[in-house]
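This report concerns only the one structure given below.
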Amino acid sequence: MQFKYPELLWGLLLLLIPILIHLFQLRRFKKTPFTNVKFLKQVVSESRKSSSLKKWLLLFTRMGLLAALVFAFAQPFIANDTALQEKETVFYLDDSFSMNGQIENVNLFKNTIQDFIKYIPNEQRFTLFTNKQVFKDVEVKDIQNELLNLSVAAEQLAIAEIVLKANTYLSDNAASQKNLVIISDFQQRMGNPAAIDSTKYINISFIKPSNTILLNTAIDSVFIAERNNENIELVALLSTNSEEETIPVSLFNNDKLIAKTAAKFDVTKNSEVRFTINTNEVILGKVAISDTGLDYDNQFYFNIDEKSKIKILVIGNSSSDFLKRIYTEDEFDFSTSTLAQLNYSTIENQDLVILNEVQKLPASLITAIKTLSNNGGSFVLIPSTDGEIESYNELASSFYSSQYVNEVSQKMSIATVKTEHPLFVNVFDKKVTDFQFPSVNQRFKFKTKAPIALEFQNKEPFLLGGKNAFFFAAAINNDNSNFKNSPLIVPAFYNMGMNSLKLPPLYVTIGSDVEIELPVTLQQDDIIKIADKENEFIPQQRVLPKKVQINFTENPKSAGIYRVKHNEQTLRHISFNNNRKESELLYAQLPENNNQTSLSDFFLESQKNNAINEFWKWFAILAFAFVLIETALQRFLK
């Protein structure tokens with residue numbers, strides 16, 4: 001037994017008081033003459049025995065009363081060692097999309113919050129944080145309303161990040177018991193809980209609100225499979241982990257239902273549905289399904305606006321018919337000019353300028369190309385077989401420290417495609433082993449720090465560059481090379497053109513670093529705004545003379561179709577969707593020594609471990625009982 005105020009036990013010395021009173025309480029007896037004392041002696045003897053018994057009972061009663069009072073004020077209790085330790089408890093509540101599933105018609109996330117509020121002791125102080133909010137050193141009554149109003153979002157911390165963040169909310173007091181309680185469904189992408197076990201510094205408990213398998217069907221992605229002058233074939237990919245064989249899929253254009261079909265799942269639990277829409281129609285699209293699992297992946301937003309044509313100018317005397325076939329009228333505004341007929345004022349209005357085997361670059365042209373590049377435009381330099389290296393280097397040296405060195409008359413094949421280069425990303429589905437690479441008869445050696453896209457078999461670069469400057473190491477006319485007949489020419493030049501003006505894609509994944517460009521000229525203090533039906537924000541933007549570069553990194557936070565506005569005029573639309581990684585319902589294995597299966601079990605076990613059995617009330621009752629006993633002795637014992 002332990003005492004809260006052990007110093008009060010010195011009060012037991014008060015027990016000496018009734019003992020001393022009992023020992024020194026003396027009575028003087030007066031002698032009275034009496035004729036016959038035989039009977040009187042018997043009465044006196046019996047009275048003395050009765051009086052002595054009463055005094056001893058009163059002594060024990062009063063000593064018991066004082067002892068009970070002293071023990072009551074000292075507050076005795078029984079508890080284990082951990083119950084007496086100072087405790088710091090931090091809770092992590094996973095508020096990612098995967099926690100928002102419906103299991104047996106109950107919302108898992110809301111039910112978890114209600115259980116937390118129900119079972120946590122009202123007087124317990126704690127810190128609770130989610131993926132986006134923190135409630136520090138609070139009691140449950142302080143944040144009850146905020147907890148009930150929590151909503152799920154796309155953010156998700158890994159388990160290692162959770163532990164590191166929890167440590168920032170714990171003190172440096174080595175004597176205190178530090179506890180971290182992680183409440184989550186523990187998807188595999190969070191990491192392995194078993195790899196981060198409790199240490200001597202912090203006790204970690206893992207609470208999984210439900211072990212029931214969540215059944216969910218998701219729309220994974222949408223893409224355009226084919227486009228012609230009349231129709232666009234749109235494809236939506238779906239996946240499921242349920243036993244459903246078919247599910248209805250709807251296509252909306254700005255809340256208007258324009259098509260409906262059924263997705264049939266194969267043995268891999270995947271499905272592909274196709275819709276045909278009008279090429280010339282502006283589509284503010286949404287593909288939707290009805291599913292009782294996760295709700296965030298039941299819609300997929302996309303938009304097809306009237307495209308801004310990318311302006312391409314080819315300068316040179318060599319034939320540019322191959323480029324005209326690549327830069328078609330539906331996507332590009334294609335024009336050509338010889339060097340002699342070139343109107344230099346038109347260069348600044350272009351998105352991409354291709355210097356097609358110009359023998360010598362005039363200083364005025366070099367200046368115009370550099371200005372174009374500084375203003376966000378792009379250029380491609382294709383050297384001539386008899387080109388003047390000095391004029392080429394006057395332009396090339398300003399980009400990636402590049403330099404044409406000398407001419408080499410030796411046939412050389414292209415041998416390597418750098419598939420990680422922006423020009424060839426997502427071009428090849430798999431590695432091709434029997435690819436027929438083109439070759440050149442005459443080339444220039446090239447020194448550069450630029451990323452290489454195509455490489456000769458001797459590791460020298462053939463096509464290199466990035467962002468807004470690209471260089472060929474050889475002429476590509478039919479006399480010098482068969483590159484025009486190679487399949488590589490189409491993705492190379494097409495992506496150069498597409499990257500010169502970053503138009504909004506079909507959709508954007510929230511949180512990805514995406515940059516688009518708008519061919520609009522802004523006046524001073526003008527800004528571009530992004531808005532949907534409810535929210536509006538100003539994105540990061542860089543104003544160039546002929547266009548505006550807009551970056552989406554931090555905003556928006558919610559999925560939907562947003563308007564790109566300038567002076568309240570809608571320039572175009574851009575669609576955002578949440579990352580579908582939450583739909584991959586694969587769960588990690590919890591540590592074997594983790595015995596907590598629910599919040600109720602956790603808090604019940606915590607209360608048992610932290611229980612303190614106090615006895616002061618019983619000693620107070622005992623003191624009152626001694627008072628009643630003494631009263632009874634005084635009254636009834638003569």
Open item on the list: Tell me if the CD atom of Glu584 is crowded by more than 12 foreign heavy atoms within 6.0 Å.
Closed with: no
Task: Asn241 side chain to Asn216 side chain, donor-acceptor N/O pair below 3.5 angstrom - done: no
Open item on the list: Between Asp255 and Lys533 (salt bridge meaning N to carboxylate O under 4.0 Å), is one present in this structure?
Closed with: yes
Task: Donor + acceptor pair across side chains of Thr448, Ser402 (<3.5 Å) - done: yes
TODO: Kindly say whether the aromatic ring centers of Phe576 and Tyr562 come within a distance under 6.0 Å.
DONE: yes
Open item on the list: So which atom in Val287 and which in Ala236 form the shortest heavy-atom distance, rounded to 0.1 Å?
Closed with: CG1-CB, 4.2 Å
Task: Residues Thr279 and Glu230: side-chain donor-acceptor under 3.5 angstrom - done: no
- [ ] Please check if any side-chain donor atom of Asp220 sits under 3.5 Å from a side-chain acceptor atom of Ser239, or the reverse.
- [x] yes
Task: Distance under 6.0 Å and angle within 45° of ring axis: Arg443 vs Phe456 - done: yes
Task: Side-chain ion pair, Glu517 and Lys547, N-O less than 4.0 Å - done: yes
Task: Presence of salt bridge, Lys445 and Glu460, under 4.0 angstrom - done: yes
TODO: Could you verify whether a donor N or O on one side chain and an acceptor N or O on the other, from Asn317 and Thr338, lie under 3.5 Å apart?
DONE: no
Open item on the list: One thing to verify: whether Glu243 and Lys269 come together as a salt bridge, which I'm taking to mean a side-chain N less than 4.0 angstrom from a carboxylate O.
Closed with: yes
Open item on the list: Name the residue from Ile354, Leu352, Ile312 that meets the side-chain contact (heavy atoms from CB on, under 4.5 Å) definition with Phe493.
Closed with: Ile354
Open item on the list: I'd like to know if the side chain of Asn131 pairs up with that of Asp95 as donor and acceptor (distance under 3.5 Å, no hydrogens or angles considered).
Closed with: yes
Open item on the list: Main chain of Ala559, side chain of Asn577: is a donor-acceptor contact present, judged purely on distance under 3.5 Å?
Closed with: no
Open item on the list: So that I can tick it off, tell me whether Glu329 and Lys309 are bridged by a salt bridge, with the cut-off set at under 4.0 angstrom between side-chain N and carboxylate O.
Closed with: no
Open item on the list: Going by side-chain hydrogen bond (donor to acceptor under 3.5 Å, both in side chains), name the pairs with one or both residues in residues 493-511, residues two or more places apart or in two chains.
Closed with: Glu331-Tyr494
Task: Under 3.5 Å: donor-acceptor pair, side chain of Ser481, backbone of Asn477 - done: no
- [ ] For the pair Arg580 and Glu582, find out whether any cationic side-chain nitrogen is under 4.0 Å from an anionic carboxylate oxygen.
- [x] no
Task: Ring-ring centroid check Phe483 Phe462, cutoff 6.0 Å - done: yes
Task: Main-chain N/O of Ile528 paired to Gln541 side chain as donor or acceptor, under 3.5 Å - done: yes
Open item on the list: Quick check: do Asp94 and Gln156 have side-chain heavy atoms less than 4.5 Å from each other?
Closed with: yes
Open item on the list: Between Asp305 and His573 (side chain of the first, backbone of the second, donor and acceptor by atom type, cut-off under 3.5 Å), is there such a pair?
Closed with: yes
- [ ] Using a 4.5 Å cut-off on heavy atoms from C-beta on, say whether the side chain of Ile538 contacts that of Asn555.
- [x] no
TODO: Please answer whether the main-chain N or O of Asn535 pairs with a side-chain N or O of Asp532 as donor and acceptor at a distance below 3.5 Å.
DONE: yes
Task: All side chain to side chain donor-acceptor pair (under 3.5 Å) counterparts of Tyr400, not counting sequence neighbours - done: none
Open item on the list: Test your reading of the model: is there a side-chain donor-acceptor pair from Thr371 to the backbone of Thr367, 3.5 Å cut-off?
Closed with: yes
Open item on the list: Within the 3.5 Å criterion, strictly below it, is a donor on Thr385 or Asn480 matched to an acceptor on the partner's side chain?
Closed with: no
Open item on the list: Quick check with a 6.0 Å cut-off and a 45 degree axis cone: is Lys286 positioned over the face of Phe252's six-membered ring?
Closed with: yes
- [ ] Would you check if Asp297 and Phe97 make a side-chain contact, meaning some heavy-atom pair closer than 4.5 Å?
- [x] no
- [ ] Give every residue pair that meets the ring pair (Phe, Tyr, Trp, His ring centres under 6.0 Å) criterion with at least one member in residues 335-390, sequence neighbours excluded.
- [x] Phe379-Phe399, Phe379-Phe471
